[in-house]
Amino acid sequence: MEQENILNEPIKKSLNFIEEIIEKDLSEDTYQGKVHTRFPPEPNGYLHIGHAKSICLNFGLAKKYNGKCNLRFDDTNPAKEDVEYVDSIKEDVKWLGFNWDNEYYASDYFPQLYSWAVQLIKEGKAYVDDSSQEDISKGRGVPTQPGTESIYRNRSVEENLDLFEGMKNGEFADGSRVLRAKIDMTSPNMHMRDPIMYRILKTEHHRTGNQWCIYPMYDYAHGQSDSIEGITHSVCTLEFEVHRPLYNWFCDALAIHHPKQVEFARLNLSYTVMSKRKLLQLVQDKLVMGWDDPRMPTISGMRRRGYTPESMRNFAETIGIAKRDNTIELSLLEFCVRENLNKKANRTMAVLNPIKLILDNYPENSFEELEAVNNPEDLETGKRKISFGRELWIERDDFMEEPSKKFFRLSPGNEVRLKYAYIIRCNSVEKDSEGNIVAIHCDYIENTKTGESESGRKVKGTIHWASVAHARKAEARLLDKLFLSYDPEDAEEGKTFLDNMNPESMTVIEGYIEPKLINESPLATYQFERIGYFCIDKDSTADKLVFNRTVTLKDGGAKR
RNA sequence: UGUCCUGUGGUGUAAUUGGCAACACGUCUGAUUCUGGAUCAGAAGAGUUUAGGUUCGAGACCUAACAGGACAACCA
């Protein structure tokens with residue numbers, strides 16, 4: 001059903017700069033009229049909203065130009081990777097609504113990569129370096145100063161071949177030797193100063209097991225992987241811009257299909273931690289329930305929070321693609337979510353901060369069933385019955401003993417409508433010995449029920465409610481703004497980002513909700529009338545529904 | 001004191017490739033509404049980092065400056 005939506009999405013009018021590049025290549029027939037992209041995550045963590053931008057871009061380009069898009073796992077560093085991550089990545093990409101044309105792994109190319117390395121050695125373009133990590137680092141110099149050549153740089157081809165084979169066969173200890181490309185130690189681009197191609201790592205790989213003990217570095221693996229797959233446009237983020245000359249160098253040196261690397265600015269969201277490293281720390285330190293904690297900016301977290309794939313695709317489309325650094329305001333993401341949910345989510349009445357309201361003139365032990373529409377934005381969703389009685393729960397915030405001029409909900413002597421029910425008038429307030437309000441006494445006004453003769457009567461406000469005799473308890477997690485209320489501007493000096501996070505970014509409260517919801521499966525999302533959108537969490541049990549607040553209504557709804 | 005990239009309202013993204021800056025979010029009005037939501041109507045807000053230059057004409061081209069970002073992992 002998501003696939004259906006995706007086809008109905010509007011086509012953008014103006015081209016982004018990547019589309020311009022593609023159209024130019026198409027018109028010049030650079031790649032035989034083909035467009036082939038790929039989404040290449042390293043399976044070392046869960047995907048987040050930033051990846052969603054990249055996914056929508058890569059799959060979107062393929063779709064727009066009738067091309068293909070691969071899912072490729074950049075699994076060249078077994079120390080950090082795990083199958084758990086590849087599984088989650090596949091699930092998240094699918095959930096977002098995309099199907100990849102091919103599922104590939106960089107690790108499948110290890111044999112080819114190895115023989116290409118041998119080829120480069122034979123051509124005198126690569127050598128084995130025995131220097132320590134420290135010496136290699138020193139020899140590379142600094143960005144403003146050229147590096148110096150390694151004393152192992154001019155070994156014979158035979159010796160290099162022999163040593164490299166030894167590396168592959170596990171004859172040397174981790175870190176004792178590396179294979180380097182022989183380029184230019186004086187290049188102003190650090191990445192061209194004899195970059196490392198292979199390192200020794202006697203670590204089990206999640207796919208190749210112990211078959212290999214040398215692993216290719218990103219720069220040596222990525223371009224060639226693109227090449228093998230026949231990628232035409234290798235879209236990546238800005239920080240890889242300086243890697244492009246090296247990407248090109250390997251393709252040229254090997255004389256293989258040469259894709260075009262194009263870089264765009266990654267997504268930054270206000271108040272949102274987007275670094276995989278930090279997100280991993282949150283998970284490991286158990287500051288969140290897991291990668292899919294609804295406060296996490298991960299795709300799985302946002303899914304659990306009730307965000308829809310359609311809204312996330314819309315968001316990706318709306319923010320656009322460019323090369324300048326950017327910080328998107330959370331309000332735009334929230335707008336996309338509300339826009340989508342307003343049409344899709346059924347309404348329900350829930351009271352999250354209850355106070356008792358008693359209708360003195362309503363008969364005791366008498367109840368009636370009222371009709372409520374499930375979604376005013378989509379009348380085809382029908383109506384439901386809700387029970388009404390003498391004692392009700394209403395939102396504490398909907399009553400003010402001494403109202404301010406702008407307050408037009410319930411206050412002594414004032415009239416207000418109970419949604420789908422009667423207009424009521426407040427008579428008195430019942431307090432305990434300490435002066436706290438324990439109940440509000442009202443009279444209902446006859447014939448003012450929805451649809452009845454007096455129902456046209458004007459009142460300033462409408463409030464929601466739940467019948468004390470019928471309502472069910474529910475737990476609501478009031479999640480703060482995405483995702484941990486972290487703002488680098490406010491962060492205190494010398495503290496880690498963890499210290500600077502708002503510890504109250506998830507408040508759990510108990511309230512009351514209509515007894516029968518249309519759908520009680522996890523991820524079912526409702527709009528709590530006048531409050532916000534909430535979705536049912538997987539932690540729900542038969543006796544207690546747990547909700548995550550997806551997003552508030554604009555201006556906070558009734559919380560205003 | 002290096003190389004590369006980028007600089008358009010508060011935030012993003014555009015501008016038919018040189019013809020006095022558009023769209024979205026946000027903000028603020030008003031109308032309407034049995035959700036202070038939604039919907040509808042409207043407003044404010046940039047003269048495009050700066051200074052020169054080319055041109056009848058520049059946000060777009062050139063030069064310089066300034067500002068921000070990236071690059072010194074046997075990470076990706």
Side-chain angles (χ1 to χ4, degrees), chain A residues 12-16 40-42 44 74-77 79-81 106 129 132-133 136-138 140-147 174-180 187-193 196-201 214-215 217-219 221-222 236-245 263 265 270 276-277 318-336 338-339 342-343 347 349 372-373 376-377 406-409 416-421 423 448 450-451 455-457 459-464 527-532 552-560:
Chain A
K12 222 177 120 192
K13 45 299 143 195
S14 60
L15 302 181
N16 64 46
E42 182 190 12
N44 67 344
D74 229 337
D75 56 350
T76 57
N77 183 6
K80 290 186 176 176
E81 299 155 6
D129 195 329
S132 67
Q133 191 164 334
I136 288 178
S137 173
K138 233 181 261 172
R140 199 155 20 222
V142 292
T144 52
Q145 294 286 315
D174 281 17
S176 60
R177 279 177 234 263
V178 291
L179 184 72
R180 292 230 256 171
S187 169
N189 183 338
M190 297 291 289
H191 297 278
M192 299 301 273
R193 324 241 264 225
I196 290 168
M197 294 163 60
Y198 272 97
R199 76 284 211 181
I200 301 170
L201 220 52
I214 55 170
Y215 291 93
M217 299 290 290
Y218 166 85
D219 286 307
H222 201 91
C236 62
T237 46
L238 245 31
E239 64 269 30
F240 292 101
E241 219 158 14
V242 282
H243 293 248
R244 194 181 343 131
E263 310 87 6
S270 55
K276 254 195 202 176
R277 211 204 102 249
T318 308
I319 59 179
I321 300 295
K323 292 191 82 162
R324 58 191 98 99
D325 291 329
N326 61 82
T327 303
I328 309 289
E329 289 178 356
L330 235 24
S331 60
L332 180 57
L333 211 210
E334 295 188 329
F335 166 80
C336 291
R338 285 192 200 101
E339 184 191 40
N342 180 44
K343 297 192 195 94
R347 316 283 124 128
M349 293 214 280
V373 302
E377 306 291 322
K406 281 259 186 176
F407 184 85
F408 42 82
R409 282 163 278 164
V416 87
R417 171 173 290 284
L418 292 173
K419 189 159 176 78
Y420 297 124
I423 291 174
T448 59
T450 303
S455 66
R457 188 161 166 164
V459 287
K460 288 156 268 173
T462 300
I463 64 173
H464 57 97
Q527 187 196 92
F528 288 5
E529 300 260 13
R530 312 203 318 121
I531 300 177
T552 58
L553 253 24
K554 199 179 170 204
D555 284 340
K559 297 293 176 201
R560 190 176 176 146

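Quick note: numbers below take in every heavy atom, side chains included, and nothing from hydrogens, waters or symmetry partners.
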Measure from [atom1] on [X] to [atom2] on [N] and round the result to the nearest Å.
X        : N      : atom1 : atom2 : result
A:Ile319 : B:rG26 : CD1   : P     : 16 Å
A:Asp325 : B:rG68 : CG    : P     : 12 Å
A:Phe528 : B:rA38 : CZ    : P     : 19 Å
A:Arg530 : B:rG37 : CZ    : P     : 11 Å

Between [N] and [M], how many Å separate the two [atom1] atoms, rounded to a whole number?
N      : M      : atom1 : result
B:rU49 : B:rG68 : P     : 16 Å
B:rU1  : B:rA15 : C1'   : 39 Å
B:rG9  : B:rA14 : C1'   : 14 Å

* Asked: Looking at B:rG37, does its base get a donor-acceptor pair with the side chain of A:Glu377 below 3.5 Å?
  -> yes
* Ignoring hydrogens and angles, are the base of B:rG36 and the side chain of A:Arg409 linked by a donor-acceptor pair under 3.5 Å? -> yes
Any chance you could measure [X], atom [atom1], to [Y], atom [atom2], to the nearest 0.5 Å?
X        : Y        : atom1 : atom2 : value
A:Glu263 : A:Glu241 : CD    : CD    : 4.5 Å
A:Met349 : A:Leu418 : CE    : CG    : 8.0 Å
A:Glu529 : A:His464 : CD    : NE2   : 8.5 Å

* To do: Return the orientation label for the A:His243 and A:Tyr218 ring planes: parallel under 30°, perpendicular over 60°, tilted otherwise.
  => perpendicular
* Could you check A:Val242 against A:Phe408 and say which one's nearest nucleotide on RNA chain B is further toward the 5' end? => A:Phe408
* Among B:rC5, B:rC25, B:rG37, which nucleotide sits nearest the side chain of A:Glu241? -> B:rC5
* State which of B:rU27, B:rA72, B:rG7 makes the closest approach to the side chain of A:Arg324. => B:rG7
Please list each protein N or O that sits under 3.5 Å from an N or O in nucleotides 73-76 of chain B, with the distance.
residue: B:rC74; atom: OP2; partner: A:Arg140; partner atom: NH2; Å: 2.7
residue: B:rC74; atom: N3; partner: A:Gly175; partner atom: O; Å: 3.2
residue: B:rC74; atom: N4; partner: A:Ser131; partner atom: O; Å: 3.4
residue: B:rC74; atom: N4; partner: A:Gln133; partner atom: N; Å: 3.3
residue: B:rC74; atom: N4; partner: A:Gly175; partner atom: O; Å: 2.9
residue: B:rC75; atom: OP2; partner: A:Arg199; partner atom: NE; Å: 3.1
residue: B:rC75; atom: OP2; partner: A:Arg199; partner atom: NH2; Å: 2.8
residue: B:rC75; atom: O3'; partner: A:Arg199; partner atom: NH2; Å: 3.2
residue: B:rC75; atom: O2'; partner: A:Asn77; partner atom: ND2; Å: 3.0
residue: B:rA76; atom: OP1; partner: A:Thr76; partner atom: OG1; Å: 2.7
residue: B:rA76; atom: OP1; partner: A:Arg199; partner atom: NH1; Å: 3.3
residue: B:rA76; atom: OP1; partner: A:Arg199; partner atom: NH2; Å: 3.0
residue: B:rA76; atom: OP2; partner: A:Tyr218; partner atom: N; Å: 2.8
residue: B:rA76; atom: O4'; partner: A:Glu42; partner atom: OE1; Å: 3.4
residue: B:rA76; atom: O3'; partner: A:Asp74; partner atom: OD2; Å: 3.3
residue: B:rA76; atom: N6; partner: A:His243; partner atom: NE2; Å: 3.1

* Looking only at side-chain N and O atoms, does A:Arg417 come under 4.0 Å of OP1 or OP2 in B:rU35? -> no
* Asked: Within the structure, does a side-chain N or O atom of A:Lys554 lie under 4.0 Å from either OP1 or OP2 of B:rU27?
  -> yes
* pair A:Asp174-A:Ile200: side-chain heavy atoms closer than 4.5 Å -> yes
* Please tell me if the side chains of A:Ile328 and A:Leu333 come closer than 4.5 Å, counting only heavy atoms from C-beta onward. => no
* Which part of the nucleic acid, if any, lies within reach of A:Gly461 when heavy atoms closer than 4.0 Å are counted: base, sugar-phosphate only, or nothing? -> nothing
* Answer with base, sugar-phosphate or nothing: what part of the nucleic acid does A:Leu238 contact at a heavy-atom distance below 4.0 Å? => nothing
